[in-house]
Amino acid sequence: MKGFKFGENIRHLIDFYKFPIVLGFLLFSAAFAMLKGTFASKQTFLYIANINIVSSEKLIQFQTTDFLKSKGLENRNIDLMRDLYISENDSDHADYASASSMKLLAGIQAGKLDIVFMDEVARSYMLSRDVLLTDYLLDISDTKAFRNYSGKIYLGIIKTSPRMDESLEFARYIAE
């Protein structure tokens, strides 16, 4: 590289090492993205569904953020399926009810549903599918979070929940 000017030396190095430099940058970027995703992601603590219940921002905060803070679990996450609809009458919003039913059953099958909050219609539906632990089916209509709802509101724990201890802990929190 003797006899080249400084600018020509740089251009020569870039031309010669272009592929290794680009490859090194891509590998570094991929490794950084994987590490960031590993350390920054929150692990899911529970999977919850609200069936036939209006999911106000206040209720969502109570079901997720407030619970996690009360237990010192700010680094965890609660996955909430909201605004699901189950109907006794097949003609009432049939497409939406069918989609909600499929989403519920798929979540149960995949182990991605632990707790359900529901009205009486949804309770009958879930009991007919034999997916709830009947010993832990709680009427929570009089609890502070659900006092303003009309009708009965129930909390049910899914029989096949892989997070049974967490589900019971959450049920105790709601019943307080």
Side-chain angles (χ1 to χ4, degrees), residues 37-176:
T38 300
F39 291 114
S41 67
K42 292 184 175 185
Q43 186 179 6
T44 300
F45 185 75
L46 278 175
Y47 294 89
I48 298 174
N50 288 344
I51 311 169
N52 296 352
I53 297 174
V54 176
S55 300
S56 67
E57 291 303 315
K58 187 176 179 181
L59 176 61
I60 292 169
Q61 181 177 340
F62 176 74
Q63 290 175 315
T64 59
T65 310
D66 292 351
F67 169 73
L68 293 170
K69 281 183 182 175
S70 75
K71 301 299 179 184
L73 299 169
E74 289 89 356
N75 62 336
R76 304 291 292 275
N77 183 39
I78 291 180
D79 189 14
L80 178 65
M81 284 189 270
R82 54 191 252 190
D83 303 326
L84 298 175
Y85 179 72
I86 300 294
S87 173
E88 290 177 320
N89 185 349
D90 290 338
S91 65
D92 289 345
H93 309 286
D95 291 343
Y96 192 69
S98 176
S100 292
S101 175
M102 286 192 302
K103 189 171 184 176
L104 282 169
L105 295 176
I108 292 168
Q109 194 77 16
K112 301 284 185 182
L113 187 57
D114 305 304
I115 303 260
V116 290
F117 291 88
M118 60 204 145
D119 68 354
E120 293 193 54
V121 172
R123 177 182 167 266
S124 296
Y125 172 83
M126 296 297 277
L127 286 172
S128 72
R129 300 288 186 279
D130 194 34
V131 294
L132 297 175
L133 289 173
T134 54
D135 294 344
Y136 294 100
L137 187 59
L138 306 173
D139 179 353
I140 55 171
S141 305
D142 293 331
T143 60
K144 66 181 177 181
F146 295 96
R147 237 176 243 135
N148 296 330
Y149 285 83
S150 61
K152 297 257 186 211
I153 303 293
Y154 298 92
L155 179 147
I157 298 176
I158 303 299
K159 280 182 180 180
T160 58
S161 169
R163 290 162 290 281
M164 193 57 68
D165 291 339
E166 293 88 341
S167 298
L168 293 171
E169 182 179 357
F170 186 81
R172 284 190 290 274
Y173 167 80
I174 295 295
E176 290 176 351

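None of the values given here were measured: they were computed from a predicted structure. Numbers here simply count residues along the sequence, with the first being 1.
Side-chain contact check for D79 and T44: no donor-acceptor pair (N or O, by modelled atom type) lies under 3.5 Å.
Crowding of Q109 atom CD: a count of heavy atoms from other residues, nucleotides or ligands under 6.0 Å not exceeding 12. Heavy-atom neighbours of K71 NZ from other residues, nucleotides or ligands within 6.0 Å: above the threshold of 12.
In terms of heavy-atom proximity, S87 sits nearest to A97 at N-CB, 4.4 Å.
Not a single donor-acceptor pair under 3.5 Å links the side chain of T143 to the backbone N or O of A175. A donor-acceptor pair under 3.5 Å links the side-chain atoms of T64 to the main chain of I60, judged by distance alone. The backbone N or O of Y125 sits less than 3.5 Å from a side-chain atom of S128, completing a donor-acceptor pair. The main-chain N or O of F67 is found under 3.5 Å from a side-chain atom of S70 such that the two form a donor-acceptor pair.
For the pair L133/M164, a side-chain contact is recorded, criterion being any heavy-atom separation below 4.5 Å from C-beta on. The shortest side-chain heavy-atom distance between L59 and N50 falls under the 4.5 Å cut-off. The shortest side-chain heavy-atom distance between D83 and Y96 falls under the 4.5 Å cut-off. Counting heavy atoms from C-beta on, the side chains of M118 and L132 come closer than 4.5 Å.
Relative orientation of the F146 and F117 rings is parallel, given thresholds of 30° and 60° on the angle between their planes.
In this structure, F62 has its ring center under 6.0 Å from that of Y173.
Expressed to the nearest 0.5 Å, how far CG of L138 lies from CZ of R172 amounts to 11.0 Å. For the atom pair CD1 of I153 and CG of D142, the computed distance is 11.0 Å after rounding to the nearest 0.5 Å. Here the straight-line distance linking atom CG of L104 with atom CG of L84 works out to 5.0 Å at 0.5 Å rounding. Summarising the geometry, atom CG belonging to L113 is positioned 10.5 Å from atom OH belonging to Y47; distances are rounded to the nearest 0.5 Å. S55 contributes atom OG, which lies 11.5 Å from atom CE of M81 (distance to the nearest 0.5 angstrom).
R123 forms a cation-pi arrangement with Y154, by the criterion of a distance under 6.0 Å to the ring centre and an angle within 45° of the ring axis.
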Subject >> Working for side chain to side chain contact (heavy atoms under 4.5 Å, CB included), residues M126 and I108 >> reply: CA-CA 11 Å; M126 296 297 277; I108 292 168; 4.0 Å; yes

Subject >> side chain to side chain contact (heavy atoms under 4.5 Å, CB included) evaluation trace for Q63 with L46 >> reply: CA-CA 10 Å; Q63 290 175 315; L46 278 175; over 6 Å; no

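Applying the side chain to side chain contact (heavy atoms under 4.5 Å, CB included) test to S124 and every residue at least two apart in sequence or in another chain returns nothing. Taking the side chain to side chain contact (heavy atoms under 4.5 Å, CB included) definition, one finds that R147 meets it with K144, sequence neighbours left out. A search for side chain to side chain contact (heavy atoms under 4.5 Å, CB included) contacts involving N52 returns Y85, I86, D119, V121, A122, not counting sequence neighbours. Partners of D130 under the side chain to side chain donor-acceptor pair (under 3.5 Å) rule, at least two apart in sequence or in another chain, are K159. For T134, the side chain to side chain contact (heavy atoms under 4.5 Å, CB included) partners are L127, not counting sequence neighbours.
A side chain to side chain contact (heavy atoms under 4.5 Å, CB included) with S167 is found for exactly one of I158, I157, I48, namely I157.
Within the structure, salt bridge (charged side-chain N to carboxylate O under 4.0 Å, His left out) contacts touching residues 106-116 (residues at least two apart or in different chains) are D114-R163.
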